[in-house]
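Worksheet: the structure to be examined is printed underneath.
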Amino acid sequence: MLGLALFVLTALAPSPSVPAEGPGLQLSSPALDFGSLTAGSTARLKLELQSNGDSALEIQNLGVNCECCKLRLSAPRRLNVPIDHANNGHVGLSLEPGQKASLSVTLDTSGLEPGTHQKECVIATNSPSGTIKVPLNLEVVAPSVPEHDHADHAGHAHERAPITAPAPTPTGPQPKISIETPTHNVGEVLRGEKPTHVFEFKNTGEAELVVQDVRSTCTCTLTRLWFGEEEVSGEQIVELRRDRKIGTVPPGGTAKVEVQIDTGKLSGARDGYPLRKSIRVMSNDTTQNPLVLNLEGTIVQAFQIEPRDLRFPVVRKGEPTSASVVISSDKVDDYNITGATTPVGGSLEARVTEFEEEGKRKFRIDVKILENADVGRIADNISLSIDHPKVESLQIPVYAEIRPQVAFFGNGREGTERLDFGVMDGGEDRTLSLRIENLNPDVPYVPKTVELIARTGKEWFQHEVEEVKPGVEYNIHVSIAKDIDVRFFNGKVRVESDHPDVPLKLIDFRGWVDRSKPEAGSEAEGS
């Protein structure tokens, strides 16, 4: 009966029981719907990411196309880590098959105008699906005006919002903030460019205008403000906003605000992507607070990169491996790639070569994994220096897995690194073997200590180490006793050695026990 129950549970599960070949990503939802949000409010939703393939899933980059959204990632060994958009949303997280991570998306509507919006969360992985885009849907509504209680014909009061005293009508001379052109179109902007614009507004009222705060959203940077001849830097704005007084404008006077957009931080922006960013100026003008200034334009991808990132196959330590990307441009001619900076650590080496193909200038970036590269996963960026008046740098993501010269074969296949006993008949012992093969005999591998760590009783688990070839090949036989008294078991094979690259190795084992079948010999005894 247990075997049938297992089949039914598997059939009803939301994900397939057989893992997909290679790395795979499963999301808890294809989109996040924030619903209706009052302007100025914030909301948070979570998206669950699960590795559902048969090999490790690399979550390489996370991003959103609007800085009104903030991302935080939580994983078993990585709790509530904010995603840095300034670093291209680089994550470098690896999830083994079955492992999960939680992505928290916090949305701030302060800089969004009333209406329907759709943002995008971009998840770049090493799965065959590559980059996945998750829509973020929301509607921003203006704050409601409370209604006064009123009575029906029978004299009974309807249940309404509490009566609030109306705001006092300002008396005497008042300030008024005015601007002729609140929206500026920057046109086509190269991805990586930092366009700058200066907005000028005027106090057309009869009293002093007090600028209480200036805030930008979505990759906008407030670089400077001018009140007449007085200049206020972006750093000073942060300090002055605490006192709700950044500067003043007399009647008839003007002020300026300089804004810069860093389009390199717009993760997920495609060629032709519409650009619209806002700046809010808060003041003591009660008739227009805040004053909203808009920057519009279109993102243009200046460079073609083939492939878009470098993904090395599994590499053995000490085996030099190289790969290349080719960069060209149909949008700009007066550029050069003057150098390449590799991540700190000395695992990679990059070289830039210019060449011509079919009359077109191109650059090839040859990236080599060095022989002394440490064992582990590489998920980083190579930074290219660009000699161009608008675009100064370019990032090339690089992903690789460097394995030691010692190979582990669980269930007869390297890389699985687990022993899966499947569904066992409760009336029989079962043994599986973990094979260890050292591919470099010059550096011997000897399993000095082997221990089974189980979450249930240790008396049901046994192991034996078989030396096939000293320092080169070993088998670790793991046995499960037939009288095991649990339905599900799991644990780890803990192997210690003096090998410099693999001093400790943990191999998972697991299985189910089906006691619906009679034990061997029970029928004969009963007859």
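Computed from a prediction, not measured in an experiment: that's the story for all the values here.
- No salt bridge links Lys469 with Glu467; every basic N to acidic carboxylate O contact stays at or beyond 4.0 Å.
- At distances below 3.5 Å, not a single donor-acceptor pair connects side-chain atoms of Asp108 with backbone N or O atoms of Thr42.
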Report the C-alpha separation of Phe421 and Phe489 in whole Å, then their side-chain angles, then the decisive distance to 0.1 Å, and conclude whether the ring pair (Phe, Tyr, Trp, His ring centres under 6.0 Å) test is met.
-> CA-CA 10 Å; Phe421 285 82; Phe489 61 87; 5.8 Å; yes
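- Note that OG of Ser347 and NZ of Lys368 are 13.0 Å apart. Values are rounded to the nearest 0.5 Å.
- A donor-acceptor distance shorter than 3.5 angstrom exists from the side chain of Ser329 to the backbone of Ala302, with no hydrogens or angles considered.
- Within a 6.0 Å sphere centred on CG of Asn372, heavy atoms belonging to other residues, nucleotides or ligands number more than 12.
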Where do Arg403 and Glu401 land on the salt bridge (charged side-chain N to carboxylate O under 4.0 Å, His left out) test, with the steps shown first?
-> CA-CA 6 Å; Arg403 291 184 181 175; Glu401 180 182 355; 3.1 Å; yes
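- Closest of all the heavy-atom pairs between Val325 and Pro307 is CG1-O, 3.7 Å.
- To the nearest 0.5 angstrom, Leu310 atom CG is 9.5 Å from Ile369 atom CD1.
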Evaluate the criterion side-chain contact (heavy atoms from CB on, under 4.5 Å) for residue pair Val486 and Trp460; output intermediate values, then yes/no.
-> CA-CA 10 Å; Val486 293; Trp460 295 317; 4.0 Å; yes
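- Ser393 contributes no side-chain N or O that, together with a main-chain N or O of Leu384, makes up a donor-acceptor pair within less than 3.5 Å.
- Relative ring orientation between Phe408 and Tyr445 is described as perpendicular, the plane-to-plane angle rising above 60° on a 0-90° scale split at 30° and 60°.
- Pairing each heavy atom of Pro447 with each of Val465, the nearest pair is CG-CG1, 4.3 Å.
- Annotation: cation-pi geometry satisfied between Arg435 and Phe409 (NZ/CZ under 6.0 angstrom from ring centroid, within 45° of ring axis).
- A salt bridge is defined here as a Lys NZ or Arg NE, NH1 or NH2 lying under 4.0 Å from an Asp or Glu carboxylate O, and Lys317 with Asp374 fails to meet this definition.
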Report the C-alpha distance between Phe312 and Ile402 in whole Å, list the side-chain angles of each, state the deciding distance to 0.1 Å, and finish with yes or no for side-chain contact (heavy atoms from CB on, under 4.5 Å).
-> CA-CA 9 Å; Phe312 287 87; Ile402 302 174; over 6 Å; no
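- When side chains are defined from C-beta on, Val332 counts as touching Leu190, because their heavy atoms get closer than 4.5 Å.
- Under a 3.5 Å cut-off, the side chain of Asn336 and the backbone N or O of Thr338 do not form any donor-acceptor pair.
- In terms of heavy atoms, Ala56 sits closest to Asn126 at O-ND2, 3.4 Å.
- Within 6.0 Å of NZ in Lys360 there are more than 12 heavy atoms belonging to other residues, nucleotides or ligands.
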Tell me, with the steps shown, if Asp508 and Arg510 meet salt bridge (charged side-chain N to carboxylate O under 4.0 Å, His left out).
-> CA-CA 7 Å; Asp508 292 323; Arg510 64 187 182 186; over 6 Å; no
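- Annotation for Lys331: atom NZ counts as buried by contact number, over 12 foreign heavy atoms lying within 6.0 Å.
- Residues Lys482 and Asp429 come closest through the heavy atom pair N-OD1, 2.6 Å.
- Under the 3.5 Å distance criterion, the side-chain polar atoms of Thr109 are matched with a main-chain donor or acceptor of Ser41.
- For Glu392, the CD atom counts as loosely surrounded, since its 6.0 Å shell holds 12 or fewer non-hydrogen atoms of other residues, nucleotides or ligands.
- Of all the heavy atoms in Lys277 and Leu275, the pair that sits closest is CE-CD1, 3.4 Å.
- Screening residues 57-66 for salt bridge (Lys or Arg N to Asp or Glu O under 4.0 Å), with sequence neighbours left out, gives Glu58-Arg377.
- Using a distance-only test at 3.5 Å, with no hydrogens or angles considered, no donor-acceptor pair links the side chain of Ser328 to the main chain of Val326.
- Within a 6.0 Å sphere centred on CD of Glu451, other residues, nucleotides and ligands contribute more than 12 heavy atoms.
- Between Leu504 and Val495 there is no side-chain heavy-atom pair separated by less than 4.5 Å.
- Using a cutoff of 4.0 Å between basic side-chain nitrogens and carboxylate oxygens, Glu357 and Lys362 are scored as salt-bridged.
- At most 12 heavy atoms of other shown residues, nucleotides or ligands fall within 6.0 angstrom of atom CZ in Arg351.
- Using a distance-only test at 3.5 Å, with no hydrogens or angles considered, no donor-acceptor pair links the side chain of Asn381 to the main chain of Ser383.
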Quick one: do His499 and Val443 satisfy side-chain contact (heavy atoms from CB on, under 4.5 Å)? Show the steps, please.
-> CA-CA 7 Å; His499 195 279; Val443 184; 3.6 Å; yes
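- Across every non-hydrogen atom of Ser29 and Leu47, the tightest pair is O-CD1, 3.4 Å.
- Comment: Lys46 does not engage Glu48 in a salt bridge, judged by the lack of any side-chain N to carboxylate O separation of less than 4.0 angstrom.
- Distance alone, capped at 3.5 Å, places no donor-acceptor pair between the His463 side chain and the Ile476 backbone.
- Between the CZ atom of Arg418 and the NZ atom of Lys492 there is a distance of 11.5 Å, given to the nearest 0.5 Å.
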Given side-chain contact (heavy atoms from CB on, under 4.5 Å), test Val493 with Val478 step by step and report yes or no.
-> CA-CA 9 Å; Val493 184; Val478 179; 4.0 Å; yes
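- Aromatic pair Tyr335/Phe303: ring centres closer than 6.0 Å.
- Judged by distance alone, the side chain of Thr341 and the main-chain N or O of Ile382 form no donor-acceptor pair under 3.5 Å.
- Between the side chain of Arg316 and the backbone N or O of Pro404 there is at least one donor-acceptor pair closer than 3.5 Å.
- A salt bridge links Asp309 with Arg311: the distance from a Lys NZ or Arg NE/NH1/NH2 to an Asp or Glu carboxylate oxygen falls below 4.0 Å.
- Expressed to the nearest 0.5 Å, how far CD1 of Ile365 lies from OG of Ser324 amounts to 9.0 Å.
- Within the 4.5 Å cutoff, the side chain of Gln60 has no heavy atoms near those of the Leu93 side chain.
- The structure places CG of Asn52 at 13.0 Å from CD of Gln99, a figure rounded to the nearest 0.5 Å.
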